[in-house]
Amino acid sequence: MTTRTIDPARELAAFLRTRRERLDPRDFDLPPRGRSRRTPGLRREEVAELAGVSVDYVVRLEQARGLRPSADVVEALAGALRLAPDERAYLFDLAHQRPRTADRPATAAAPPLARLVADLSPLPAMLMNHRFDILAWNSEMAALLVDFGTLPPSQRNAMWLCLLHPEVSRFHDDREHVVRQGIAYLRAAWAAHPEDRALTGLITELTTHHEEFARLWAERDVKVSGRGLKVVRRPDVGVIALDFEVLVPVQDPDQRLMICRAADVASRSALDRLRAR
């Protein structure tokens with residue numbers, strides 16, 4: 001499969017347009033204008049006024065005409081468009097204005113982290129990189145989802161499993177929410193690692209062959225979620241509610257440690273039954 005790296009100018013243009021079109025003009029203290037609105041959201045001249053730049057500049061940005069905005073302009077646009085923190089970071093990445101570390105994706109678990117994953121038993125835990133590739137796991141996580149060791153390396157990816165694995169794809173109680181969260185995270189990772197051809201290849205594969213992924217990817221949601229609640233529905237032990245936390249080691253910033261804990265007594269009992277097997 002041939003893949004292309006991200007085109008920052010085109011993605012910046014599309015992202016600015018989608019954020020502008022989502023805004024409600026009634027939420028802004030803008031002077032009244034005579035002509036009626038034919039399109040949703042703010043007009044380009046309104047964004048330009050709020051950001052303190054020219055209308056022509058906004059037009060050229062949204063048409064991907066080769067501009068590279070300064071950090072001050074990116075900050076002004078983020079404020080004008082009322083971007084959330086993760087969206088703001090995404091915009092800075094697209095404009096190449098945020099300092100970044102060397103783009104060296106982790107392809108294997110750091111040995112100390114692999115040992116930590118094992119030592120976290122009986123809590124289900126696994127180690128991933130920014131692509132959601134699963135690098136290490138303990139027996140409890142394998143019992144909860146799937147025996148990762150039986151899968152080819154190309155399928156040891158949390159997003160791939162959630163979408164395409166015949167069993168895992170049915171485990172999530174609110175599957176669309178889980179997929180949305182994963183896609184919003186992958187989009188942020190895509191901008192932060194523009195030269196990662198493996199990540200671009202994964203996104204290309206899923207966009208081409210999975211209608212749900214393609215539809216949600218086109219919405220351009222951006223969010224990095226480090227904690228929350230996941231509900232897994234296993235046909236053998238029932239519903240398991242899990243509080244999860246994702247930690248990033250300082251020494252290995254491209255590796256992410258996910259730790260799960262039962263959210264209630266019934267879920268703890270269900271995990272115990274899985275471990276007993």
Side-chain angles (χ1 to χ4, degrees), residues 1-8 10-19 21-22 64 83-84 86-87 89-91 93-94 103 105-107 126-135 137 141 144-146 148 151-233 242 244 246 254 256 258 260:
M1 179 181 296
T2 59
T3 60
R4 295 180 300 169
T5 57
I6 183 175
D7 183 335
R10 290 186 180 275
E11 179 58 23
L12 177 66
F15 187 65
L16 289 174
R17 286 196 303 271
T18 59
R19 298 308 99 167
E21 292 169 357
R22 288 188 177 190
L83 299 186
D86 292 332
E87 294 174 321
Y90 184 66
L91 186 64
D93 278 328
L94 291 174
D103 192 24
T107 57
M126 63 181 177
L127 194 68
M128 298 176 287
N129 62 14
H130 68 262
R131 295 191 293 253
F132 282 144
D133 293 336
I134 300 167
L135 308 178
W137 59 90
M141 185 63 80
L144 177 66
L145 294 179
V146 66
F148 304 105
L151 301 176
S154 61
Q155 295 181 11
R156 293 177 199 160
N157 178 278
M159 178 58 71
W160 191 96
L161 291 170
C162 182
L163 289 170
L164 297 173
H165 191 278
E167 294 179 2
V168 178
S169 62
R170 297 195 298 267
F171 283 168
H172 296 287
D173 193 55
D174 188 353
R175 183 174 170 279
E176 180 165 332
H177 176 70
V178 173
V179 173
R180 279 185 178 277
Q181 279 192 324
I183 289 175
Y185 169 85
L186 275 185
R187 183 167 282 279
W190 186 53
H193 300 269
E195 301 305 321
D196 184 353
R197 298 184 65 84
L199 176 58
T200 304
L202 172 67
I203 293 168
T204 300
E205 177 189 0
L206 294 176
T207 304
T208 304
H209 300 294
H210 200 282
E211 182 180 348
E212 181 184 19
F213 185 94
R215 173 175 59 84
L216 296 176
W217 179 261
E219 295 183 8
R220 287 184 162 80
D221 287 334
V222 183
K223 187 173 179 59
V224 178
S225 180
R227 65 167 57 97
L229 177 72
K230 290 185 183 294
V231 179
V232 174
R233 187 178 297 274
L242 298 163
F244 72 90
V246 179
D254 193 52
R256 286 135 176 83
M258 172 181 276
C260 298

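- Pairing each heavy atom of Phe244 with each of Ser225, the nearest pair is CZ-OG, 4.2 Å.
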Handout entry: Test side chain to side chain contact (heavy atoms under 4.5 Å, CB included) applied to Met141 and Phe148, step by step
Key = CA-CA 9 Å; Met141 185 63 80; Phe148 304 105; 3.9 Å; yes

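- At least one side-chain heavy atom of Met258 sits less than 4.5 Å from a side-chain heavy atom of Lys230.
- Arg180 is linked by a salt bridge (charged side-chain N to carboxylate O under 4.0 Å, His left out) to Glu176, Glu219, Asp221, counting only residues two or more places apart in sequence or in another chain.
- The two atoms that bring Leu151 and Val146 nearest to each other are CD1-CG1, 4.0 Å, heavy atoms only.
- Taking OG1 of Thr200 as the reference point, atom CD of Glu205 lies at 13.0 Å (rounded to 0.5 Å).
- The distance from the CZ atom of Arg131 to the CD1 atom of Ile203 is 10.5 Å, given to the nearest 0.5 Å.
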Practice task
Please lay out, stage by stage, how Ile134 and Leu127 fare under the test side chain to side chain contact (heavy atoms under 4.5 Å, CB included).
Solution key: CA-CA 6 Å; Ile134 300 167; Leu127 194 68; over 6 Å; no

Practice task
Quick one: do Leu163 and Arg175 satisfy side chain to side chain contact (heavy atoms under 4.5 Å, CB included)? Show the steps, please.
Solution key: CA-CA 9 Å; Leu163 289 170; Arg175 183 174 170 279; 3.6 Å; yes

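- Applying the salt bridge (charged side-chain N to carboxylate O under 4.0 Å, His left out) criterion to Glu21, with sequence neighbours excluded, gives no partner residue.
- Taking Arg220 as the reference, Glu11 meet the salt bridge (charged side-chain N to carboxylate O under 4.0 Å, His left out) condition, with sequence neighbours excluded.
- Note that CZ of Phe132 is 5.0 Å distant from CG of Leu186, once rounded to the nearest 0.5 Å.
- Below 30°, between 30° and 60°, or above 60°: for Phe15 and Tyr90 the angle between ring planes is above 60°, a perpendicular geometry.
- In this structure a side-chain-to-backbone donor-acceptor pair under 3.5 Å is missing from Arg227 to Val246.
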Handout entry: CA sep, side-chain torsions, deciding dist, call: Leu12, Asp7, side chain to side chain contact (heavy atoms under 4.5 Å, CB included)
Key = CA-CA 8 Å; Leu12 177 66; Asp7 183 335; over 6 Å; no

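- The shortest distance between side-chain heavy atoms of Met159 and Tyr185 does not fall below 4.5 Å.
- Residue pairs meeting the ring pair (Phe, Tyr, Trp, His ring centres under 6.0 Å) criterion with at least one member in residues 154-180: none, sequence neighbours excluded.
- The distance from atom CG of Asp86 to atom NZ of Lys223, rounded to the nearest 0.5 Å, is 5.5 Å.
- Interatomic distance, NE2 of His210 versus OG of Ser169, reported as 7.5 Å (0.5 Å rounding).
- By the 6.0 Å contact criterion, CZ on Arg10 is open, its count of non-hydrogen atoms from other residues, nucleotides or ligands being 12 or less.
- The shortest side-chain heavy-atom distance between Met128 and Leu135 does not fall under the 4.5 Å cut-off.
- Checking Asp133 against Asn157 by side-chain atom types alone, a donor-acceptor pair falls below 3.5 Å.
- Remark: Ile183 CD1 to Arg215 CZ distance equals 8.5 Å, nearest 0.5 Å.
- Residues Val222 and Leu83 are not in side-chain contact: their nearest non-hydrogen atoms beyond the backbone lie 4.5 Å or more apart.
- Put simply, the side chain of Asn129 never gets that close to the backbone of Asp254: no donor and acceptor are under 3.5 Å apart.
- Pairs engaging residues 154-168 under the salt bridge (charged side-chain N to carboxylate O under 4.0 Å, His left out) rule: none recorded [sequence neighbours left out].
- Counting heavy atoms from C-beta outward, Val179 and Leu216 have side chains that approach closer than 4.5 Å.
- Every residue two or more places apart in sequence or in another chain was checked for a salt bridge (charged side-chain N to carboxylate O under 4.0 Å, His left out) with Asp174, and none qualifies.
- Summarising the geometry of Val232 relative to Leu144, their closest heavy-atom pair is CG1-CD1, 4.4 Å, with the distance given to 0.1 Å.
- When all heavy atoms of Leu94 and Pro8 are compared, the pair lying nearest together is O-CB, 3.5 Å.
- Between Leu206 and Glu212, every side-chain heavy-atom pair lies at or beyond the 4.5 Å cut-off.
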